[in-house]
Amino acid sequence: MSASIDWILWGILPYIVLTIFIGGHIYRYQKDQFGWSSKSSEFLEKKHLRIGSTLFHWGMLFVLGGHFLGILVPVTVYESFGVTEHQYHIIALAFGIPAGIAAVIGLVLLCYRRLSVQRIKKTTSKGDWAVLFFLMIVVVSGLSATFLNVDSHGFDYRTTIAPWFRGLFIFRIEPHLMAEVPVWFKIHLLANYAFASIWPFTRMVHVFSFPIRYLSRSYVIYKKQVRKA
């Protein structure tokens, strides 16, 4: 890519996406508080939801943990503990590939559930389909990048993508760091751009709605109603 295109993709576009992400959440909260939920369809079907949701959420939890350790933690920290690039790479693959596969399988089950159960299909909005579509691209592109980088090919994202990403938050824009990044990693990043841009306008907003008050709330006791003869 030319320097100008790199500057647009890795220097300007990230801030546009971040503006949409933050501004969209503020707008959504102000205009649609009643729609700020996960819109659960558990009462319509439970079996596929339980399996698919468990695989997807646990898989993504480990995937995000790996992203945090690989991108937000500088490589110098690992070097200070004596962890070599090869050792880190093996650990990342050992945890990342199973987690990614679990997330993909879970997402496929959730998509199948939406397509096969008519009651759920009829209540699925365009926003729901958009979430599933872009999530699939993000997860599959990330897993593909991991598989294609199994033997590392001499590429270490902790010295390219990681410092580029961290620099965005302190306005140290360095798009040149992305110039030699393999195309499959760039596809994964662009997919994340798209997903982050639609996030505030979909059910994904529920991620930021953890009910803290539930931790101190009294238990709700359900009693079976006994009918008199």
Side-chain angles (χ1 to χ4, degrees), residues 17 20-21 24-25 28 32 34-71 90-150 157 182-211 214 220 222:
V17 173
I20 295 173
F21 185 81
H25 279 87
R28 178 78 180 275
D32 186 29
F34 288 107
W36 191 289
S37 72
S38 62
K39 300 178 182 178
S40 175
S41 58
E42 182 179 359
F43 69 98
L44 296 176
E45 195 278 336
K46 292 184 179 181
K47 182 180 179 180
H48 290 99
L49 176 64
R50 182 173 63 253
I51 300 173
S53 181
T54 300
L55 284 172
F56 173 72
H57 283 94
W58 277 105
M60 287 303 299
L61 184 64
F62 280 95
V63 167
L64 292 175
H67 280 60
F68 173 83
L69 293 174
I71 295 178
I90 295 300
I91 295 173
L93 291 177
F95 286 94
I97 289 179
I101 292 175
V104 169
I105 294 175
L107 195 55
V108 168
L109 286 174
L110 293 176
C111 290
Y112 172 77
R113 174 176 177 267
R114 294 249 167 212
L115 290 168
S116 62
V117 181
Q118 289 301 314
R119 291 179 298 177
I120 298 177
K121 186 176 181 179
K122 290 181 180 179
T123 58
T124 301
S125 67
K126 293 180 180 179
D128 296 333
W129 289 123
V131 166
L132 291 172
F133 175 75
F134 284 107
L135 260 179
M136 185 65 75
I137 295 177
V138 168
V139 176
V140 171
S141 63
L143 185 60
S144 299
T146 302
F147 274 117
L148 291 170
N149 202 45
V150 166
Y157 60 83
V183 65
W184 47 85
F185 281 93
K186 291 180 178 179
I187 292 173
H188 180 57
L189 288 168
L190 293 174
N192 275 280
Y193 282 178
F195 183 56
S197 297
I198 69 165
W199 181 308
F201 313 103
T202 66
R203 66 169 58 207
M204 291 303 299
V205 294
H206 78 277
V207 172
F208 301 108
S209 301
F210 182 76
Y214 282 12
V220 177
Y222 293 92

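Here the structure is a predicted model, which is why all the values come from computation and not from measurement.
Within the structure, no pair that satisfies the side chain to side chain donor-acceptor pair (under 3.5 Å) test touches residues 61-71, not counting sequence neighbours. Sorted by first and then second residue, the pairs that involve residues 130-141 and meet side chain to side chain donor-acceptor pair (under 3.5 Å), not counting sequence neighbours, are Ser141-His188.
Phe95 is not listed as a side-chain neighbour of Ile90, based on a closest heavy-atom distance of 4.5 Å or more. Under the 4.5 Å side-chain criterion, counting only non-hydrogen atoms from C-beta, Ile20 is in contact with Phe201.
Every side chain to side chain contact (heavy atoms under 4.5 Å, CB included) that Phe133 has, sequence neighbours left out, goes to Ile137. Under the rule for a ring-ring contact (aromatic ring centres under 6.0 Å, His included), Phe134 has no partner lying at least two apart in sequence or in another chain. Ser197 pairs by the side chain to side chain donor-acceptor pair (under 3.5 Å) definition with nothing, not counting sequence neighbours. In this view, Leu109 and Ile51, Leu55, Ile105 satisfy the side chain to side chain contact (heavy atoms under 4.5 Å, CB included) rule, not counting sequence neighbours. Annotation: ring-ring contact (aromatic ring centres under 6.0 Å, His included) contacts of Tyr112 (sequence neighbours excluded): His48. Applying the ring-ring contact (aromatic ring centres under 6.0 Å, His included) test to Tyr157 and every residue at least two apart in sequence or in another chain returns nothing. Checked against side chain to side chain contact (heavy atoms under 4.5 Å, CB included), Val131 has the following partners two or more places apart in sequence or in another chain: Leu135, Phe195, Thr202, Met204. In this view, Tyr193 and Trp10, Leu13, Pro14, Val17, Trp164, Leu190 satisfy the side chain to side chain contact (heavy atoms under 4.5 Å, CB included) rule, not counting sequence neighbours.
The minimum heavy-atom distance linking Leu110 with Ser53 is given by the pair CD2-N, 3.8 Å. Of all heavy-atom pairs spanning Ala99 and Phe62, the tightest one is CB-CB, 3.7 Å. Minimum interatomic distance between Arg203 and Asp128 (heavy atoms only, all atoms of both residues): NE-OD1, 2.8 Å. Closest of all the heavy-atom pairs between Gly100 and Val139 is O-CG1, 4.2 Å. Closest non-hydrogen pair, Thr54 versus Arg50, comes out as OG1-O, 2.6 Å.
Within the 3.5 Å criterion, the main-chain N or O of Pro200 finds a donor-acceptor partner in the side chain of Arg28.
Within 6.0 Å of the CH2 atom in Trp129, the count of heavy atoms belonging to other residues, nucleotides or ligands exceeds 12. Residue Phe21 places its CZ atom among more than 12 non-hydrogen atoms of other residues, nucleotides or ligands, all under 6.0 Å distant.
Atom-to-atom distance recorded for Leu64:CG and His57:NE2 is 10.5 Å, nearest 0.5 angstrom.
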